[in-house]
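This report refers to the structure that appears directly beneath it.
Lettering of chains follows the sequences in order, A, B, ..., and the numbering in each one begins at 1.
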Protein chains: 2
Amino acid sequence: MATITDVAQAAGVSISTVSYALSGKRSIAASTRQRIMRAIDELEYEPNAGARMLAGARTNILALSAPLGPDGHLPTHMRFVTSVVEAARAHDYDVLLLATDDEVSGIRRAASRSLIDGVVIMGVATVDERVPLVRRLGLPSAFIGVPPGVDDMSCIDLDFDRAGRDAVAMLADAGHTAIGVIGHPHSYVDRDTNFIRRFTHGFDEECRARGVRTATQWPEIGRTGGQQAYDRLREQLPEMTALVFHCNEPIVEGALRRIAQLGLSIPDDLSVLAACASYAADELETPLSAIPLPLDEMCHSAVENALALVDSLGHPQVTLIAPTYLDRGSIAAPKPAAHPA
Amino acid sequence: MATITDVAQAAGVSISTVSYALSGKRSIAASTRQRIMRAIDELEYEPNAGARMLAGARTNILALSAPLGPDGHLPTHMRFVTSVVEAARAHDYDVLLLATDDEVSGIRRAASRSLIDGVVIMGVATVDERVPLVRRLGLPSAFIGVPPGVDDMSCIDLDFDRAGRDAVAMLADAGHTAIGVIGHPHSYVDRDTNFIRRFTHGFDEECRARGVRTATQWPEIGRTGGQQAYDRLREQLPEMTALVFHCNEPIVEGALRRIAQLGLSIPDDLSVLAACASYAADELETPLSAIPLPLDEMCHSAVENALALVDSLGHPQVTLIAPTYLDRGSIAAPKPAAHPA
DNA sequence: GCGCATTATCGAAGCGCTTCGACGATTGTC
DNA sequence: GACAATCGTCGAAGCGCTTCGATAATGCGC
C-alpha cells in the first residue's frame with residue numbers, strides 16, 4: 001500500500017506539501033497540486049486511517065448506538081440504520097454500528113479509545129443512561145428522538161405534539177367529532193416512551209379544545225393486536241367515525257383487515273389517518289393518508305448535528321420538525337348521522 | 001484520557017512492560033502485572049485505537065458489507081446485521097457497517113486505509129463484484145452465502161440442496177405424493193439467486209427420485225403475492241396435499257390467510273412446512289413446522305471464518321450447515337383419498 | 001560456585017500522518 | 001526602490017502504541 005511518502009517522492013515534493021494539498025489547510029500552487037493528485041491516482045494512495053487518527057484529531061468514524069429492544073420493530077430499525085449510514089457517507093464518514101445489549105459499554109469503549117468522533121443515538125428511552133454518559137465523556141452526540149428534560153444536547157425529532165394536534169384538526173375540519181386512536185403496543189407505553197407521550201398530549205389537548213370525543217387502545221404487539229384493538233375501540237366509542245393509527249405496520253394491517261372483514265369501507269364508513277408513519281402507508285392494502293415520519297430528514301439532521309459538534313460549530317439544540325400531510329384519500333366527511341340533531 | 005505512559009508511570013514500569021502485560025506476548029512477573037492492572041483500572045486506561053492500528057497490524061474492526069437491495073427483506077436483513085455485530089463483539093471486534101449502494105467502493109476504501117482487518121459479506125449475488133475485489137485486495141473475507149463457482153473463499157451457508165431434499169423426504173415419508181411450493185418473490189429468482197437455485201435443485205431431484213408430483217409458484221412481493229400464489233398453485237396441482245414455503249414472512253402470511261379463508265385446516269387438510277425460515281415460524285397465526293435458517297450460527301461462523309483468516313489460521317473453505325427440523329405439528333399424513341386405487 | 005538457559009524488564013525505533021515554525025520567493029504599498 | 005505582507009514549500013516534532021534487541025536478575029545442573 002502506498003504511503004504519503006511514496007506520493008511525495010513521485011510528485012517531487014515533501015510529505016507536508018502532500019498533506020496540505022489534501023487537507024487544503026495551506027495554499028498550494030495549482031501546478032504542484034496537480035502533480036500530487038496525479039501521483040495519488042497512479043499509486044492509488046489512500047491515507048492510513050490509524051495514522052490519521054493518531055496524528056490528527058479526526059477518525060472520520062461516527063458511532064451509531066442502535067439498541068434493538070426486545071420488542072423493537074425490525075423494519076423501522078433497519079430503515080433508520082440504513083439512512084444514518086447514507087447520511088454519514090455523504091460527509092465522508094463511516095459508521096461503527098453499536099448494536100449490542102450493553103450500549104453504554106460500547107459507546108464508552110469506542111470513545112475512550114478515540115475510535116470515533118461522535119455518536120448518533122437512536123431508540124432513546126425515557127430514562128436513558130446514554131444521556132449522562134455522553135455528557136460526561138464530552139462526546140459530540142446527536143439524538144434521534146428527544147429524551148425528556150434534555151435541552152443541552154442536539155436532538156432531532158418530529159414535532160409529535162404538533163402531529164397529534166394536526167391529526168385532530170384534520171379530522172375535525174372534515175366534520176368528525178368522535179375519533180378513535182390505535183397506538184403503539186402497550187409495552188412501549190409502559191416504558192413511558194417520550195414520543196408517544198408527546199403525541200398523546202397534543203392529540204388530547206386538541207380534542208379538548210375542539211370538543212372532540214376520543215378513545216385510545218394500546219394493543220398487544222403484532223397483527224392480532226391490531227384486530228383486537230379495533231374491536232375494543234368500537235365498544236368504547238361506538239359513534240367513532242374516524243380512526244388514527246399511531247403505531248407500526250403490523251398493527252395497522254391487523255386493524256385494516258378487521259375493518260375489511262366488518263364490511264366497512266374507507267373513507268366512506270370510516271376515515272383513517274396514519275400518523276407518524278415510518279412505513280410506506282401507500283403500500284398497505286388500503287393506501288392511507290398519512291403524517292409521515294420524516295425518517296431520512298431526521299437521520300441526515302442527526303448526522304449533521306453530530307458533525308457540527310465535532311467541528312465545534314454552533315451549540316447543541318433540540319430541533320423539532322414540523323409535521324407534513326400526505327393525502328391518499330382515506331379521509332372524508334363522516335356519513336350524515338342516522339338521527340341528525 | 002490516560003495513555004500507556006501514564007499507566008507505566010503509575011505502575012513504576014516502562015511502557016513496553018505495560019504493552020507486554022496487556023498483550024501477553026512476553027512473560028511478566030505476577031506482582032508487576034497486578035500493579036499494572038491496578039493502574040489501568042484507576043486511570044480508566046483504554047488503548048488508543050489509532051496508535052494501535054498504526055503500530056500493530058490490527059484494527060479490531062470488521063467491515064460488514066450488507067447491501068440492501070431494492071426488494072430486500074428488512075427484518076431478515078436486520079437480523080443478520082444484529083447477529084454479526086454480536087458475534088464480532090464476542091471476539092472484541094467492532095463492526096463498520098457498509099450499507100450504501102456502492103459496496104465495492106466502501107470495501108475498497110476501508111481496506112486501503114487499513115481501517116479494517118477483514119470483511120463479512122452478506123447478500124451475495126450470483127455475479128458479485130465483491131468476490132474479485134476482496135480476492136485482489138487479499139482482504140480476509142467471509143461470505144454469508146455461497147457465490148456460485150467460488151471455492152477459494154470462506155463461505156458459510158445452510159445446505160440448501162439438502163434442505164430441499166429433506167423437505168421432500170419429510171413430506172413423502174408422511175405419505176404425500178403431490179407437494180406445492182411457494183418460493184421467494186420472482187424478482188429474487190430473476191436475479192438467479194444461488195441459494196434458491198440450490199434449494200430448488202435438491203427439491204426437484206428428490207421429487208423425481210421418489211415420484212412425487214410438484215409445482216412451484218414464484219409470487220409477487222408482499223402479502224398479496226402469497227394469496228395469489230396459493231390460488232395459482234391449487235389450479236396447477238389440484239391434488240396437492242402438502243405445501244412448502246421457501247420465502248419470507250409476508251408471503252407466508254398471505255398464503256396462510258388464503259388457506260384459512262378457504263376453510264382449510266392445517267395439518268388436517270393440508271400439511272405445511274416452512275423451509276429455510278429466517279423468521280420465527282412459531283409466531284405465525286398458525287405455527288409451522290420448519291427447517292429453520294440457522295441465522296445466528298451462520299453469522300457466528302462467518303465472523304470466525306474472517307478472523308481465522310486475519311490470524312492466518314487455516315485456509316478459506318466453503319462450509320454448508322446441515323438442515324435441522326423443528327416440529328410444530330403442521331405436518332400430518334394426507335387425508336385418505338376420496339377414491340383410493 | 002561456574003556457566004548457561006530462562007525470566008523479567010527496559011530503551012529505542014518506527015508505524016504514517018498532521019501541524020508548527022522557518023524561510024526564500026513573490027507581490028503590494030507609499 | 002525599500003519594507004512588509006503573503007504565498008508556497010520544507011523539515012522536524014510528536015501523536016500512542018508494538019516490537020525488537022539488549023541487559024540484568026534469577027534458577028539449574030554438576
Side-chain angles (χ1 to χ4, degrees), chain A residues 1-37 39-40 43-61 92 109-117 310-311, chain B residues 1-37 39-40 43-61 92 109-117 310-311:
Chain A
M1 258 162 248
T3 72
I4 198 172
T5 309
D6 301 329
V7 174
Q9 251 159 22
V13 297
S14 75
I15 62 163
S16 50
T17 306
V18 176
S19 180
Y20 285 122
L22 244 26
S23 70
K25 293 193 178 171
R26 280 195 189 175
S27 47
I28 296 289
S31 60
T32 310
R33 161 173 285 117
Q34 275 175 11
R35 259 182 303 135
I36 292 176
M37 290 309 173
I40 287 179
L43 296 169
E44 297 192 333
Y45 167 74
E46 288 273 357
N48 178 291
R52 253 202 173 154
M53 293 185 193
L54 187 54
R58 285 298 170 66
T59 70
N60 274 265
I61 301 179
D92 197 31
R109 174 169 34 82
S112 313
R113 294 186 180 177
S114 302
L115 220 197
I116 54 173
D117 290 339
V310 171
D311 292 329
Chain B
M1 258 164 244
T3 72
I4 198 172
T5 310
D6 301 330
V7 174
Q9 250 159 23
V13 296
S14 75
I15 62 163
S16 51
T17 305
V18 176
S19 179
Y20 285 123
L22 244 26
S23 70
K25 293 191 180 175
R26 281 195 187 174
S27 47
I28 296 289
S31 60
T32 311
R33 160 171 288 117
Q34 275 175 12
R35 258 181 304 136
I36 293 175
M37 290 310 171
I40 287 178
L43 296 169
E44 297 191 335
Y45 166 73
E46 289 272 357
N48 179 291
R52 261 212 166 141
M53 291 185 196
L54 188 54
R58 285 297 170 67
T59 69
N60 274 264
I61 301 178
D92 197 31
R109 176 170 31 82
S112 313
R113 294 185 181 178
S114 301
L115 219 197
I116 55 173
D117 290 339
V310 172
D311 293 330

In whole angstroms, how far is the [atom2] atom of [N] from the [atom1] atom of [X]?
| X | N | atom1 | atom2 | answer |
| --- | --- | --- | --- | --- |
| B:R35 | C:dA8 | CZ | C1' | 11 Å |
| B:I4 | D:dT19 | CD1 | P | 11 Å |
| A:E46 | C:dC15 | CD | P | 20 Å |
| A:I36 | D:dC10 | CD1 | C1' | 12 Å |
| A:I15 | D:dG8 | CD1 | P | 20 Å |
| B:Y20 | C:dT6 | OH | P | 18 Å |
| B:Q34 | C:dT9 | CD | P | 12 Å |
| A:R33 | D:dT9 | CZ | P | 9 Å |

* Asked: Contact class for A:S16 (heavy atom, under 4.0 Å): base, sugar-phosphate, or nothing?
  ->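 Result for A:S16 = base.
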* Asked: To the nearest 0.5 Å, how far apart are CG in A:L43 and CE in A:M1?
  ->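 The CG atom of A:L43 sits 13.5 Å away from the CE atom of A:M1.
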* Asked: Looking only at heavy atoms, which two atoms of A:R35 and A:G12 are closest? And how far apart?
  ->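 Minimum heavy-atom separation between A:R35 and A:G12: NH1-O, 4.2 Å.
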N or O in side chain of [X] less than 4.0 angstrom from [N] OP1/OP2:
| X | N | result |
| --- | --- | --- |
| A:S14 | D:dT9 | no |
| B:K25 | D:dT18 | no |
| B:R52 | D:dT18 | yes |
| B:S19 | D:dC17 | no |
| B:Y45 | D:dC17 | yes |

* Using heavy atoms to find the nearest nucleotide of DNA chain C for A:S23 and A:M1 separately, return the residue whose nucleotide is more 5′. =>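 On the 5' side of the pair lies A:M1.
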* Asked: Nearest nucleotide by nearest heavy atom, which residue falls closer to the 5' end of DNA chain C, A:T3 or A:R26?
  ->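 Residue closer to the 5' terminus by nearest nucleotide: A:T3.
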Measuring from the side chain of [X] (C-beta onward, heavy atoms only), which nucleotide among [options] has the closest atom?
| X | options | value |
| --- | --- | --- |
| A:L54 | C:dT18, D:dG16, D:dG8 | D:dG16 |
| B:T32 | D:dG16, C:dA8, C:dC17 | C:dA8 |
| B:T17 | C:dT9, D:dT18, D:dC15 | C:dT9 |

* **Heavy-atom donor-acceptor pair, A:D117 side chain to A:T59 backbone, under 3.5 Å** =>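 Yes, the answer is positive, given that a donor and an acceptor are paired below the 3.5 Å cut-off.
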* To do: Using distance alone, with no hydrogens and no angle criterion, decide if A:T17 and A:S14 have a side-chain donor and acceptor under 3.5 Å apart.
  =>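 Distance-only check passes for A:T17 and A:S14.
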* Asked: Which residue, A:I4, A:I28, A:T3, A:D6, forms the side-chain contact (heavy atoms from CB on, under 4.5 Å) with A:V18?
  ->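 The residue from A:I4, A:I28, A:T3, A:D6 that satisfies side-chain contact (heavy atoms from CB on, under 4.5 Å) with A:V18 turns out to be A:I4.
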